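Since the structure comes first, as structure tokens, the remarks are kept for the end.
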Protein chains: 2
Amino acid sequence: MIDREMALETRDRIIEAADLLFYQHGFEATSFADIASAVGISRGNFYHHFKTKDDILDSVINRRLANTEQMLDRWEVTGSDPAERIRSFIHILIVNGEKIRKFGCPVGTLSSELAKLNHAAKSDAAALFTLFRSWLRRQFDRLGFGDRSDELAMHILGRSQGVAILANAFDDDGFLHHEVDLMCAWLDDQIAGLTTTNNSIRE
Amino acid sequence: MIDREMALETRDRIIEAADLLFYQHGFEATSFADIASAVGISRGNFYHHFKTKDDILDSVINRRLANTEQMLDRWEVTGSDPAERIRSFIHILIVNGEKIRKFGCPVGTLSSELAKLNHAAKSDAAALFTLFRSWLRRQFDRLGFGDRSDELAMHILGRSQGVAILANAFDDDGFLHHEVDLMCAWLDDQIAGLTTTNNSIRE
DNA sequence: CTAGATATAGGACGATTGTCCTAATGCAGG
DNA sequence: CCTGCATTAGGACAATCGTCCTATATCTAG
């Protein structure tokens with residue numbers, strides 16, 4: 001019983017360290033030796049917890065899926081207004097601004113890397129995007145956007161990704177903040193346009 | 001004389017093959033053996049043309065810089081209208097749609113990878129972004145956007161990057177086309193708003 | 001206290017990495 | 001034809017990769 005907990009503890013520490021290293025240096029560039037020295041255990045000891053390096057990747061992705069789901073659920077409970085929840089999503093860019101400028105978005109960069117490696121776990125990484133996508137779609141749907149909810153969700157998901165890429169490439173905090181403001185303004189425009197019955201404003 | 005041309009020919013073939021492989025599989029994941037077999041030469045023969053793998057990366061980036069500059073210059077000559085030139089940029093997403101869905105944007109993915117590797121050439125890769133950024137800023141400036149030209153350039157640069165990331169993650173061609181349409185509509189709105197002296201439209 | 005399962009450390013393994021060396025080849029100018 | 005330079009092929013090199021094996025340590029159950 002107790003050793004089971006110990007084992008899980010070590011296993012979780014491995015996953016946690018691998019999660020961070022995969023984010024900071026990429027999956028391919030992170031070796032077993034790197035993870036081992038980060039956790040403080042022996043290299044050969046890995047295979048009592050994971051059969052292969054891909055198994056660690058799977059566990060890392062599952063950990064990210066669980067953490068993300070938990071975060072989104074929290075937002076769904078606390079934030080009363082769907083629009084405010086969407087704004088919470090947009091502001092991840094600012095909250096994690098320092099990390100993003102250094103290492104990019106954890107979701108986008110992993111997805112890109114796995115695509116280039118032709119890795120089997122690419123679809124699992126895409127599931128992380130789907131988590132955000134579905135959550136955003138639900139918020140837009142509650143705001144009354146109906147069939148347009150999914151494309152609106154994809155839109156700000158894409159905007160966020162682009163901001164992360166450029167903020168990382170140029171290490172530009174001002175750009176990041178400005179684009180966050182633009183995204184919030186875009187959201188307000190969408191909501192404002194929702195109550196307007198005719199299209200006279202655009203014409 | 002002639003052997004010099006031969007040598008350069010081999011050198012260029014190496015750079016060309018490395019360019020493609022770096023794009024399709026990433027810099028780190030591409031080995032000398034991969035490039036050698038792609039070019040059809042011996043592995044040890046590399047070091048008559050390049051001192052190190054990083055040297056190949058530098059040459060690949062310079063090749064991309066030159067090709068990009070050439071493409072942008074061509075657009076600057078042929079396209080009469082700055083707005084039409086910007087639309088040409090936006091439509092890269094569609095022209096290269098198949099490759100982007102498979103491997104992402106060559107500029108963005110390289111920049112992200114080099115950031116994670118803490119690679120010295122990261123700033124060189126960012127220079128590729130700067131090339132597009134300056135060109136776009138010039139087009140917006142000619143349209144009369146003045147001080148706002150740079151942020152508008154960064155905006156559609158970021159939008160393009162985000163679209164590339166998601167189109168790659170979901171392998172979604174419909175999303176790609178829809179977002180291209182949105183970007184063109186956004187451009188039209190910006191230009192339309194430019195001629196309006198007051199802000200009554202937004203109010 | 002003992003037996004057995006589990007966790008760990010440390011090293012061996014074949015393969016592959018980037019890098020370097022050397023011998024052979026091809027071709028130019030004298 | 002010969003000499004010299006540029007180009008090439010092929011392998012050696014140490015380091016590192018992911019993986020696996022085995023002996024030791026740790027801890028629980030009986």
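Please read these numbers as outputs of a predicted model, since none were measured by experiment. The figures here come from the full heavy-atom set of this structure, side chains too, leaving out hydrogens, waters and symmetry mates. We name chains A, B, ... by the order of the sequence lines, and we start the count at 1 in each one.
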List, one per line, each side-chain donor-acceptor pair under 3.5 Å for residues 149-156 of chain B, sequence neighbours excluded.
residue, atom, partner, partner atom, Å
B:S149, OG, B:D141, N, 3.2
B:S149, OG, B:G146, N, 3.4
B:S149, OG, B:G146, O, 2.7
B:D150, OD1, B:R133, NE, 3.0
B:D150, OD1, B:R137, NH1, 3.2
B:D150, OD2, B:R133, NH2, 2.9
B:E151, OE2, A:H178, NE2, 3.0
B:H155, ND1, A:E179, OE1, 3.2
B:H155, ND1, A:E179, OE2, 3.0
B:H155, NE2, B:R159, NH1, 3.0

* Nearest-angstrom distance from the residue atom CD1 of A:I41 to C1' of C:dT6 -> 15 Å

Restricting both atoms to N or O, compile the protein contacts to nucleotides 18-22 of chain C shorter than 3.5 Å, with distance only.
residue, atom, partner, partner atom, Å
C:dG18, OP1, B:K53, NZ, 3.0
C:dG18, OP2, B:F32, N, 3.0
C:dT19, OP1, B:T52, OG1, 2.7
C:dT19, OP2, B:Y47, OH, 3.0
C:dT19, OP2, B:T52, OG1, 3.4
C:dT19, OP2, B:K53, N, 2.9
C:dT19, O5', B:Y47, OH, 3.2

* Between C1' of D:dG11 and CZ of B:F46, the distance in whole Å -> 16 Å

* Asked: Within the pair B:T10 and D:dT7, is there a side-chain N or O less than 4.0 Å away from OP1 or OP2?
  -> no

Could you go through residues 110-118 of chain A and list every donor-acceptor pair under 3.5 Å that involves a side-chain atom there, pairing it with any protein atom two or more places apart or in another chain?
residue, atom, partner, partner atom, Å
A:S112, OG, A:G108, O, 3.1
A:E113, OE1, A:F27, N, 3.0
A:E113, OE2, A:F27, N, 3.1
A:E113, OE2, A:E28, N, 2.9
A:K116, NZ, B:Y23, O, 2.5
A:K116, NZ, B:F103, O, 3.4
A:K116, NZ, B:T109, OG1, 2.9

* To do: Take atom CZ of B:F50 and atom C1' of D:dT8, then tell me their distance rounded to the nearest Å.
  => 15 Å

* Is the B:F32 ring parallel, tilted or perpendicular to the B:F46 ring (thresholds 30°, 60°)? -> perpendicular

* Structure fact -> To the nearest angstrom, the CG-P distance between A:L21 and D:dC17 comes to 12 Å

* Just jot down the side chain to side chain donor-acceptor pair (under 3.5 Å) partners of A:H119, sequence neighbours excluded, or say none. => A:D54

* Contacts of A:S31 that satisfy side chain to side chain donor-acceptor pair (under 3.5 Å) - sequence neighbours left out -> A:D34

* To do: Using the test side chain to side chain donor-acceptor pair (under 3.5 Å), find all partners of A:D173 that sit at least two apart in sequence or belong to another chain.
  => A:R101

